Visitor: 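Just passing along the structure, written as structure tokens.
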Amino acid sequence: MPDTPAAPYLAGLNPEQYAAVTAEDGPLLILAGAGTGKTRVLTTRLAHLLMTGRARPFEVLAVTFTNKAAREMVHRVEGLIGQSVQGMWLGTFHAMGTRFLRRHAEIVGLKPSFTILDTDDQIRLVKQVLQALEIDDKRWPARAVLGIVQRWKDRGWTPDQVPPSEVGDFAGGKTLRIYSLYQERLATLNACDFGDLLLHCLELFKRAPDVLAQYQRRFRAILVDEYQDTNVAQYLLLRLLAQGHRNITCVGDDDQSIYSWRGAEVGNILRFEEDFPGAEVVRLERNYRSTGHILGAAAGLIARNRARHGKTLWTEDVDGEKVRVASLWDEHEEAIFVGDELEALQRAKKRLCDTAVLVRAGHQTRAFEERFIQLGLPYRVIGGLRFYERAEIRDAVAYLRVVVQPDDDLAFERIVNTPKRGIGETTVVALRKAARAAGRSMLSAAEELVGTDELPTRGRRQLADLLAAFARWRDELPRRAPRDLVEAILDESGYVGMWQADKTPEAQGRLENLKELVKAIEEFESLPAFLEHVGLVMDNAADADGDMVTLMTLHAAKGLEYDYVFLTGWEEGLFPNQRALDEGGTKALEEERRLAYVGITRAKKRCTITYAANRRIFGQWGAALPSRFVEELPPEHIHHLLRSNASRPDVDPTFGVTSLFPTGKMTGRGPGFERAGKLIEGKAELVRPRPAPTVAFAKGDRVFHDKFGPGTVEALEGEKLTIAFDKSGVKKVMASFLEKKA
DNA sequence: GGATTGTGTATTTTT
DNA sequence: TACACAATCC
């Protein structure tokens, strides 16, 4: 602790935090466990560097992964230093890349006005490349090809740098050729995809060492958030930039590395001391978020991973409640259970915004949403389609892109027939061909051809009108206020009218989103400035406020915290996810385990884990086993919940443990399973639901199904039976949902 | 050119 | 099951 009166912003730091904040020059790695004040330390260190004069604002480079994190950082640093962060380079990796490239575009063969493509554009481009190479995009989907190319870019490889051993035989071994062609197309379009924003920077610094040297001299302080999420390209970039003053501070937690599937390399954080010799390492292990039992459960679980720095989180907080584990019949029961628990919390005057339900995969939210709607529990789903990914927003933005950048072929193609103007595939293909042949944009080719017989007559008139409209809007661009102009464009193009005429229920929402977009434009000086923002900021427009339960994936929950957390669907196959395991083996299992760790450590006061005995996967019902992670939780920190009406638990000979499910009535909705069933503390150490019981059925048996009523068995096929229901016709159902009638 | 039917597939997601 | 995409028909 400081012996001299410390600056006020240093007050209240614990010794490790203080050490991290005030560490001397040189490489510094801050290993910050969950809930140990990571953001606080990073922002305070930045403030400290400024306040002590070790760096001036324009000598600081601070990078984050998301715009949200960047905003948060700006906000907190400004709060600490009491002035604006003007002049500082504080933003996402991609924003940083964009900034470098706009300044030095020519060096890598771009024009400074290059456009940034979104995923949609990228896929369309890959499709074009596949077509050009006559590759069946049914067998080798563009999305998958793009994935491969992106992973290469994440590793910092341009087409000529991809090692032959990495090429593989996907798309008939032509992936590398696709990559080259894709890059060529991007160059012609004067466009970058997200990977290029970093990759081109590497190329830029290689080609222009003087430019690199200039930035190396400039950035006296480099700070990196969430270092465990960096990919190789980002790492290489950081290493280059840090070679000047070697003042690089990286904050991260190897135990929270959950993005390897999109290129993140845990190795970067594990190797830090080798990459930056002489690096100081500070561990933040005191947790300020969770109670003792929650922390203990999380620590016990993550200790099973091998590839980690190893930290021991501790807290001075009370032990609190043990982590609760509840076993349910199926996803409906699970949703009913969680809904009941949330209502109980509500009755106890807890706020719903302090609660969260986390799932492994997006589709799992559905069952919860349905139940919450039934109960009238307000909820919000994080993730899903983000604002700028909605079709109407992308369409609107495409119009603006064409106005600002007439050469933007992808945008042009997107809206040339939206709303429908009778400009079909034939016309578009003709335009594309003409444009390619003449080496110009489609819009200019259209202007040239619209008066000739080269194009189908059908939409010629409308195309001419559209071109004239674009010319007019472009003409007005410098004179009209952005908001005004955008409203005019959306109106005169017929785009708003298209949605007004649409009578489907979602049209109203789409119109509102468009209004939202127009409002967002007001904050920008010009349309180009706005588009630059849109290119980079693909995040959720304004989180809805109000007292609601939050539903989201485990990935989306990283960095957040809630008093009451429900971790659902802890079943083998779902979590850990089978597909991940198939693809990535032990490494993937460890990543899934980190995901579980992230989940548990989101909880401040109470953590509840649930799993179901039956789950529908791809429309098929199947018996599920509890996740291995359930067993890995240290018993002293957990507490199994049993339904009070399961007072006569059956002993399952297979596992030698208690089963929650009494034989006989297995539907979870029958008399044995009333919702009134209160939860009591269980004695069983391990509760395993058994595979669905097989009551022998025979052809011709009379059966009863809770939903479909009485029927007759027509055919048997293992657990699946074909039943002719008296009222609902012939259906295939699982044996476990049937009751045999005498 | 647009609506309709059929087929195949099916994590996690930011920029 | 449920959705997206493509071939097919009008």
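Here is how names work: the chains are called A, B, and so on, in the same order as the sequence lines, proteins then strands, and each is numbered from 1. Worth knowing before you read on, the calculation uses all heavy atoms, side chains too, and leaves out hydrogens, waters and symmetry mates. Given the structure is predicted, the values throughout are model-derived calculations rather than measurements.
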Visitor: So A:Glu583 and A:Arg579, salt bridge (charged side-chain N to carboxylate O under 4.0 Å, His left out) or not? Walk me through it.
Guide: CA-CA 6 Å; A:Glu583 280 168 22; A:Arg579 186 155 163 188; 3.2 Å; yes
Visitor: Mind checking whether A:Trp89 and A:Phe100 have parallel, tilted or perpendicular rings, split at 30° and 60°?
Guide: tilted
Visitor: Between C:dT1 atom P and A:Glu331 atom CD, what is the distance in whole Å?
Guide: 13 Å
Visitor: Write down the distance separating the C1' atoms in C:dC3 and B:dT14, rounded off to the nearest Å.
Guide: 23 Å
Visitor: At a cut-off of 3.5 Å, list every protein nitrogen or oxygen paired with a nitrogen or oxygen from nucleotides 1-7 of chain B, distance to 0.1 Å.
Guide:
from, atom 1, to, atom 2, distance (Å)
B:dG1, OP1, A:Gly424, N, 2.7

Visitor: When the nearest nucleotide of DNA chain B is assigned to A:Phe65 and to A:Glu592 on a heavy-atom basis, which residue is associated with the more 5' position?
Guide: A:Glu592
Visitor: At less than 4.0 Å, is any side-chain N or O atom of A:Thr553 found next to OP1 or OP2 of B:dT13? Yes or no.
Guide: yes
Visitor: To the nearest Å, give me how far apart CZ (A:Arg151) and C1' (B:dT14) are.
Guide: 11 Å
Visitor: Just the rounded figure in Å: distance from C1' of B:dT14 to CE of A:Met552.
Guide: 16 Å
Visitor: How many whole angstroms separate atom CG of A:Asp330 from atom P of C:dT1?
Guide: 16 Å
Visitor: Can you name the one residue among A:Val404, A:Thr115, A:Ile116, A:Ile521 that meets side chain to side chain contact (heavy atoms under 4.5 Å, CB included) with A:Leu531?
Guide: A:Val404
Visitor: With a cut-off of 6.0 Å (strictly less than), are more than 12 heavy atoms of other residues, nucleotides or ligands near CZ of A:Arg461?
Guide: no
Visitor: Need one value for A:Glu583: base, sugar-phosphate or nothing, where a base atom within 4.0 Å counts as base even if backbone is also close, heavy atoms only.
Guide: base
Visitor: Does A:Lys38 pair with A:Asp225 as a salt bridge, N-O distance under 4.0 Å?
Guide: yes
Visitor: Using whole Å, what does the distance between atom P of nucleotide B:dT12 and atom OH of A:Tyr259 come to?
Guide: 12 Å
Visitor: To the nearest Å, give me how far apart CZ (A:Arg99) and P (B:dT15) are.
Guide: 17 Å
Visitor: Which nucleotide, C:dT1, B:dT12, B:dT15, lies nearest any side-chain atom of A:Trp261?
Guide: B:dT12
Visitor: Once you apply a heavy-atom cut-off of 4.0 Å, does A:Gln364 come out as touching a base, just sugar-phosphate, or nothing?
Guide: nothing
Visitor: Does one side chain, of A:Gln122 or A:Asp118, offer a donor that lies under 3.5 Å from an acceptor on the other?
Guide: no
Visitor: Rounding to an integer number of Å, can you tell me how far A:His363 NE2 sits from B:dT9 P?
Guide: 18 Å
Visitor: Does A:Phe618 reach a base, just sugar-phosphate, or nothing at all? Heavy atoms under 4.0 Å.
Guide: base
Visitor: Look at atom CG of A:Asp453 and say whether more than 12 heavy atoms of other residues, nucleotides or ligands are closer to it than 6.0 Å.
Guide: no
Visitor: Could you tell me the separation between the CZ atom of A:Arg615 and the C1' atom of B:dT11, rounded to a whole number of Å?
Guide: 14 Å
Visitor: Measure from the side chain of A:Arg579, starting at C-beta and using heavy atoms only, and say which of B:dT15, B:dA10, B:dT12 lies closest.
Guide: B:dA10
Visitor: With a 4.0 Å cut-off on heavy atoms, is A:Ala361 in touch with a base, just the backbone sugar-phosphate, or nothing at all?
Guide: sugar-phosphate
Visitor: Determine the contact category for A:Gly459: base if any of its heavy atoms lies under 4.0 Å from a base atom, sugar-phosphate if only primed atoms, P, OP1 or OP2 are that close, otherwise nothing.
Guide: nothing
Visitor: Between C:dC5 and B:dT12, how far apart are the P atoms? Round to whole Å, please.
Guide: 15 Å
Visitor: Can you find a side chain N or O atom of A:Asn67 that sits less than 4.0 Å from OP1 or OP2 on B:dT14?
Guide: no
Visitor: Indicate the ring-plane relationship of A:Trp570 and A:Phe629, choosing parallel, tilted or perpendicular according to the 30° and 60° boundaries.
Guide: perpendicular
Visitor: When you get a sec, tell me which of B:dT14, B:dT11, B:dT15 is the closest nucleotide to the side chain of A:Thr119?
Guide: B:dT15
Visitor: Closer than 4.0 angstrom, basic N to acidic O: yes or no for A:Lys153 and A:Asp193?
Guide: yes
Visitor: Remember a base hit wins even if backbone is also touched, and classify A:Arg139 as base, sugar-phosphate or nothing at under 4.0 Å, heavy atoms.
Guide: nothing
Visitor: Toward the 5' end of DNA chain B, which comes first, A:Ile258 or A:His94, by nearest nucleotide?
Guide: A:Ile258
Visitor: Between A:Arg366 and C:dA2, is there a side-chain N or O to OP1/OP2 distance below 4.0 Å?
Guide: yes
Visitor: Compare the ring of A:Phe93 with the six-membered ring in the base of B:dT15 and state whether they stack (centres under 5.5 Å, planes under 30°).
Guide: no
Visitor: Measure up the A:Trp140 and A:Phe170 rings against each other and bin them: parallel (under 30°), tilted (30 to 60°), perpendicular (over 60°).
Guide: perpendicular
Visitor: So with a 6.0 Å cut-off around CZ of A:Arg103, is the heavy-atom count from everything else above 12?
Guide: yes
Visitor: Can you check whether any acceptor in the base of B:dT11 is under 3.5 Å from a donor in the side chain of A:Arg360, or vice versa?
Guide: no
Visitor: Tabulate protein N/O versus nucleotide N/O from nucleotides 5-10 of chain C, keeping only pairs under 3.5 Å, one per line.
Guide:
none

